[in-house]
Each structure stands twice: as C-alpha cells, then as structure tokens.
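So the structure is just underneath, and the comments pick up after that.
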Protein chains: 2
Amino acid sequence: MTLEDVARAAGVHYSTVSRALDPDTARQVNVVTRKRVAAVAKRMGYQKDMVASGLKRGRTHTVAVVVGDLGNPNIAPVLRGIANRLEPAGLMSLICESQDDPTRLERILNHLLSRRVDAVIMTGARLGDGPKLRRIRRQGIPVVLAVQNVPGIRLPAYTNDDDLGGELAAQHLLSFRHRRVAQLRGPADIYPCLQRAQGFSRTIAAAGAMEVEVRFTAPTGSPEEGHRMMRQLLDSKRALPTGIFAHHDLMAFGAITAAEERGLVCPRDVSMIGYHDLPHVERVIPSLTSIHQSREELGRLAAEALVKMLSSADGPPSSRKLAPTLVVRQSTGPPRDFR
Amino acid sequence: MTLEDVARAAGVHYSTVSRALDPDTARQVNVVTRKRVAAVAKRMGYQKDMVASGLKRGRTHTVAVVVGDLGNPNIAPVLRGIANRLEPAGLMSLICESQDDPTRLERILNHLLSRRVDAVIMTGARLGDGPKLRRIRRQGIPVVLAVQNVPGIRLPAYTNDDDLGGELAAQHLLSFRHRRVAQLRGPADIYPCLQRAQGFSRTIAAAGAMEVEVRFTAPTGSPEEGHRMMRQLLDSKRALPTGIFAHHDLMAFGAITAAEERGLVCPRDVSMIGYHDLPHVERVIPSLTSIHQSREELGRLAAEALVKMLSSADGPPSSRKLAPTLVVRQSTGPPRDFR
DNA sequence: CCAGTCGCTGCAAACGATTGTGGCAGACCC
DNA sequence: GGGTCTGCCACAATCGTTTGCAGCGACTGG
C-alpha cells in the first residue's frame, strides 16, 4: 500500500497524493482533488511509510532515551513524563539501557547515530560522559540531560536541586539540635550525589556542627551498601553520630537494620534521613523522613526542551533545577541528650 | 558519510563496499579488497544508515513495547528484561504508553504500523484488545503478550500463573483455619485479576469455607481503592471476614488503614494478603504477606520468543506461565477464635 | 587451444516518500 | 488579441542501501 497505489485509484500522479496528504503542502493541490485523494487514501487504509519519509527528510521522529539502570524504580515516571510530552509532537522514544557502563554507552551512542535518531535524552549521565555527549551534539543532534547533570557540560539539563536537598537534610537535623552527624554517600561519579554531599556539609559546617567523615562512597544505592557503611561507622572507635543522612532511601533502610542489629533504635538513638521519598516509605517502620523530588515533571521538561530545539532554530533552551522538599516522618527526632 | 564516500576513498564501487561490510555477503568480495575497504571505512568512521537499510530490507530492527501504565513500578523490570534480551539481537525497543485507553491504543498501533516496526510486545493487554492485536498480526507483524494475557487469543504469552497465585493465597488463609474470607478485586477487564479471583474462589469453595462477595471491582490498584472497598465490607451488615485477599499490595495497604480506622488490628482481627510483593513491603507495618512473581524474567521470555519468531519461519513459540510463590510475613495469622 | 567455470567487481534498478522544475490551461490586463 | 500571470498537476531526481545481473579476466579440463 504505497503512494502509487492510492494515486492509481484516485487517477492522479503519486506526487500529487503526497502533497495532498501532507498538511504543509496540501494547499498546493486543488481542493476537490485534495478531498478526493484524501477519501481514497482513507478508504484504502493508506498509511505513510515513516521509514521512507525518514530517509528522504532526514527526520526519524524518534528520540533516544538513555537510561542508566532500568531496574531503578525512579526511572519509570521519568519515562512517562518524556513519552507523554513527546507524543503530541509525533515523536516516540527509543529506550536504551547503558547499565552504567561507559563502554556500553559508547556502543549505544554509535548505534543511535546509525539509526539517525532526531535527538537524545540522557537520564543517567555520569561524570566522565561529557565528551561522548559532546560528540553526539557536534553531529548536529540535540542532546538534553535529565535527572543527572554533569558539571561543566554546556547542555540543557533538567534536574532536581540536590545541593538544596542536602541543605534541607542538614537543616532538619540541625533543627533537632544534632551536633554530630554523618552522611552515607552515593556513587562518587554521580553528580547529584556530590551535590547532596556538598549542600549537606556546607550547611553543617556553617552551623558549627561536627560532621564525621565516612571514607567510602557506595557504588550503588542498595540496602546492602547502607548496611555496610553503617557498620563501618558503628565499628569505628569514634563516637557515633546522632543524625545520619543517607543519599538513598534504600541505603537508609540498610543502615537502620545495621543499627538495630547493635541494639540501637531509630530515631531514639540515631536519626536517619533518606533521599528520593520512594513510594510507600511512609509505611515502613520507622516511617522514613526523606527528601522528595519530582520525576515525571523532569521527564516532561526535558522532552519539552527537545521539542523546542527540534522545531525552532534559536539557541538552546535554558536549564532548570527543581526544588526538592523535605518530608518529615518518624525516623528523625531530637538526639538522646535533649530528650 | 555514505557508502559512496567510502567507495571513493577505497577506489571501488559503492556496491562493493556494501558487500564488504555486511558479514553475510563479505565472502563475495576478495579478502584483500575487503580488508582495505574495512580499514578505510573504520578510518573514516563510516556508520551504515539504518534508515536507508530499513527501507530497502523492510526490517527496522525495532520492536514496539506497548505499556499500559508507565507509572506502574512493576513495569520497569519487565522493560529491562526485554531490552537486555533484544540488544544482542541488534534490536531496540520503542516504548509507547496506551494509558489503558482503547482509543489511544488503536492510534498507537496504527502509528506503529506506519513506522514499520518488526514486532510488537504487548504488556498491558485488556480484555477487549484481542481484535486490535489480531489485526496487527495479520499484517505479518509478530505479536507476543507479556505480563497480561487475554483469553481466547492465539498469541504466544508470557505471564505469571495468576490462578495459582489466587490458589496460594487461599491455601495460606485456609492453613490458618480462616473459614470466612473475602477478596478485594482488581479491574474487571484485566485477565490476571479474573484468574486470581477464580483460583481463590475455587480453592475456598473446595475447602467448604465461606467467601463473602464484594460487589465492586477496583478500577485501579491504588491504596484509595483498597480503602474504599474495605470500608464497604466494614459498613455492611454482614459479619466481617477474618481473612482478606487483596489483588494488589497497594490495595492491601489501603485496606489495612481502613481497618485501623475502625480500631481493628492486622493480623489480630483481620489477616491481609497482598499481591505483587512490591519492593520494601517487607519493611511496612505490619510487613505484608504477599504473592511474589517474576517481572524481568517475563520480559526476557517475551523478547526471546520474538527473536525466535523473527529469525526462523517455523510456527509460533509456545506460551509460558511462571509459577508465583507465597511470601509469608506479619500481616497474616490465625483468626481470633483460634488463638 | 577453446569452451566452460569461477571469482570478483561494477552497473543499475529497486525500496517509498519528498520536492524542485516545467508545462499546460485558463484568467487577466492593456 | 498578445503577453503575463497564476493555479494546478505531472515528471523525474533524490535520500543511502541492497542486490540481481552482467562483464571480465583467469583458470581448468578435455
């Protein structure tokens, strides 16, 4: 079922059919032929071949969405935000998982070039990914970052303000008069984690409180890692911090478990604050104080920016940082001394 | 950067380059020219245009994955299973969200035809979707179902055995000697929910126990719906069941809350068993007894089947049903009379 | 030595759409 | 009435690959 079939049935040349069916060129063909062609096309169930169209026009109407880890439950809402915003623009998302592996990412990006995607949304950028992304950009393909930013990169980015998130966590602990705190850090090559750490440390230092350094950073945000890091704190000869900021809710869970194994009770003996406000953390025991941030909105903004970049020639849209909020629940409270 | 550019640089005709670079035809060209061409292509960074190739060959190397609701946290692992299995076959997944709307689904499927996708994985099939899917199938495009099956459809399906899941839930309650039970049902046009209900009711009836009918089914599996349905049970003049099977963990949460609002304690006054074994339900209070089923594996199987259908001409691969398992936690126990 | 074969490569026609160009009417102006 | 303009449509080239076919040496067997 091609243009030619329709043309034959309608008694016109196939180029006329092409023009008649494309809203942008439809006015070039007489209204009566246009109607006739449209009717015939509809009756025959003609559907334009997007592949052929893509070859000729150089537009595939496809946006690649690169995800670090599809197992991460935080990512689904972002994908949804992206897909929903892309759809009215006639675009679709091609999903690829880099599995947080630079070599894989490199291979994937090459493949995407070969597929002639119109644009790329990078949701799992790590610190070393800048050059790779710039290479894509230089090929004339718009690239935007979502969720995770990379410092020093000149690409539109739609992220949460993780520095502020760290600050909120610190302020919350300070408000309970914690004077000795620590943080369980996420991966060192993820910029948001660095920012959380920075916002937290800065605020703690400014208040003259004491931050106990934890040497290691977690390679992933799993409960096991949280458990391991908390054990390290518990096993060290230093006095235990009374307030702890985990860079991930799951790490907070693991840390709480580790504390409980030593007979410590949260929040009586140690306050714990998580990050991400995962669904249902309000029902865990103790319900987790956490930092809430948007996900679907981030995807929507990133897609929005891309649609703009694809349709207009003016400069790249500006980045945006969304403010996270603190959700206070049962896992934080005043330190023992103040009860 | 096209075949022609490479050909010029290598001093051969571009058709020779095409043959030299395709492993399937490479043996048609002399080994020394082949090496030279390969070297030149590599040096120039040539990448074949998949769009043009797709037009000529009629293969886009793209598989559409239709998802009912991207907000559902259960879906991400399925996508991961799909993507991981597709990747080594050189395929990529194009994601589309039907938002559980038949009209939208229709539009999406048409669009997919226009994009000439190689195959379709349908993860969110509802009861009325059979004809639409058959239409795609008739166009020669392989279709497989994942997660949600549809009765009477002759398509390979990779699902969990929800009838068995219902049976397990019933057996568990019976093992505690519950004699009066009820279920909070999920959407009526989702086959897995029907099967859960059927497996549950059958097992309860066979044991001679009593199932209290709840008239309504939930349009979604949200906590609010669970709350609403539980309230209905509590408000009815009939004696309250001692064991309740919710078709979704979130509905179980809502139901527990509703019970607590009436001063009932779970599991002392009423046992609650959920479905899906969502991440972290082991930490909620009370930790939820639930039915665990696979997700990533389902995606992997569906993708596997598609790859087979695309590469070989023999009949459709056979469907598979994975057995769920019961995970016993704190939200279930013996009814009060037996303590 | 010649016909037949074989290995290699070039030629050109597709795939299905888009789009610049040109031609043919009819309308219009003076 | 001749010239110009305008509206409408057909023609054909093009996007970058794939692939059947043909040509052309070289080799081989009789």
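Throughout, a chain's letter reflects where its sequence line sits, starting with A, and its residues are numbered from 1. Please read all numbers here as calculations on a predicted model, not as lab measurements.
Atom pair A:Leu3:CG and C:dG16:P shows a separation of 10 Å (rounding to whole Å applied). Straight-line distance from the CG atom of A:Asp22 to the P atom of C:dA17: 12 Å, rounded to whole Å. Spacing between atom NE2 of A:His61 and atom C1' of C:dA17 amounts to 12 Å, rounded to whole angstrom units. In this structure, the CG atom of A:Leu55 is 14 Å from the C1' atom of C:dT19, given to the nearest Å. Atom-to-atom, CG of A:Asp49 to P of C:dC15 comes out at 12 Å; the value is rounded to the nearest Å. Atom CG of A:Asp24 and atom P of C:dT18 are 10 Å apart (whole Å).
Ion pairing of B:Arg126 with B:Asp129 is absent here, as no side-chain N (NZ or NE/NH1/NH2) approaches a carboxylate O to less than 4.0 Å. With respect to the salt-bridge test (charged N to carboxylate O, under 4.0 angstrom), the residues A:Arg80 and B:Asp69 qualify. A salt bridge links B:Glu87 with A:Arg104: the closest approach of a Lys/Arg side-chain nitrogen to an acidic carboxylate oxygen falls below 4.0 angstrom. Salt bridge annotation for B:Arg57-B:Asp22: present, with a cationic side-chain nitrogen under 4.0 angstrom from a carboxylate oxygen.
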*Go through A:Val144 and A:Leu155 one step at a time and tell me if the side-chain contact (heavy atoms from CB on, under 4.5 Å) criterion holds.*
CA-CA 6 Å; A:Val144 306; A:Leu155 293 173; over 6 Å; no
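Rounded to 10 degrees, the angle separating the terminal helix axes of the helix from C:dC1-D:dG30 to C:dC30-D:dG1, each built from five base pairs, is 50°.
A side-chain donor from one of A:Thr62 and B:Arg115 sits under 3.5 Å from a side-chain acceptor of the other.
How far OG of B:Ser53 is from NE2 of B:His61: 5.5 Å, rounded to the nearest 0.5 Å.
Residue contacts for A:Ser53: at a heavy-atom cut-off of 4.0 Å it reaches the sugar-phosphate backbone alone, with no base atom in range.
The side chain to side chain donor-acceptor pair (under 3.5 Å) check on A:Arg43 picks up nothing, with sequence neighbours excluded. The side chain to side chain donor-acceptor pair (under 3.5 Å) check on A:Glu106 picks up A:Arg135, with sequence neighbours excluded. Listed by chain and residue number, B:Val40, B:Met44 satisfy the side chain to side chain contact (heavy atoms under 4.5 Å, CB included) test with B:Ala9 (two or more places apart in sequence, or in another chain).
Other residues, nucleotides and ligands place no more than 12 heavy atoms under 6.0 Å from the CZ atom of A:Arg320.
Within the structure, a side-chain polar atom (N or O) of A:Tyr46 is placed less than 4.0 Å from OP1 or OP2 of C:dA17.
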Report each atom pair, protein N/O against N/O of nucleotides 7-12 of chain C, whose distance is under 3.5 angstrom.
from	atom 1	to	atom 2	distance (Å)
C:dC8	OP1	B:Asn30	ND2	3.4
C:dT9	OP1	B:Thr33	OG1	2.8
C:dT9	OP2	B:Asn30	N	2.9
C:dT9	OP2	B:Thr33	OG1	3.1
C:dG10	OP2	B:His13	N	2.8
C:dG10	OP2	B:Thr16	OG1	2.6
C:dG10	O6	B:Arg19	NH2	2.6
C:dC11	N4	B:Ser15	OG	3.2

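Taking 4.0 Å as the cutoff to heavy atoms of chain A, we find the contact window on DNA chain D bounded by D:dC8 to D:dG16.
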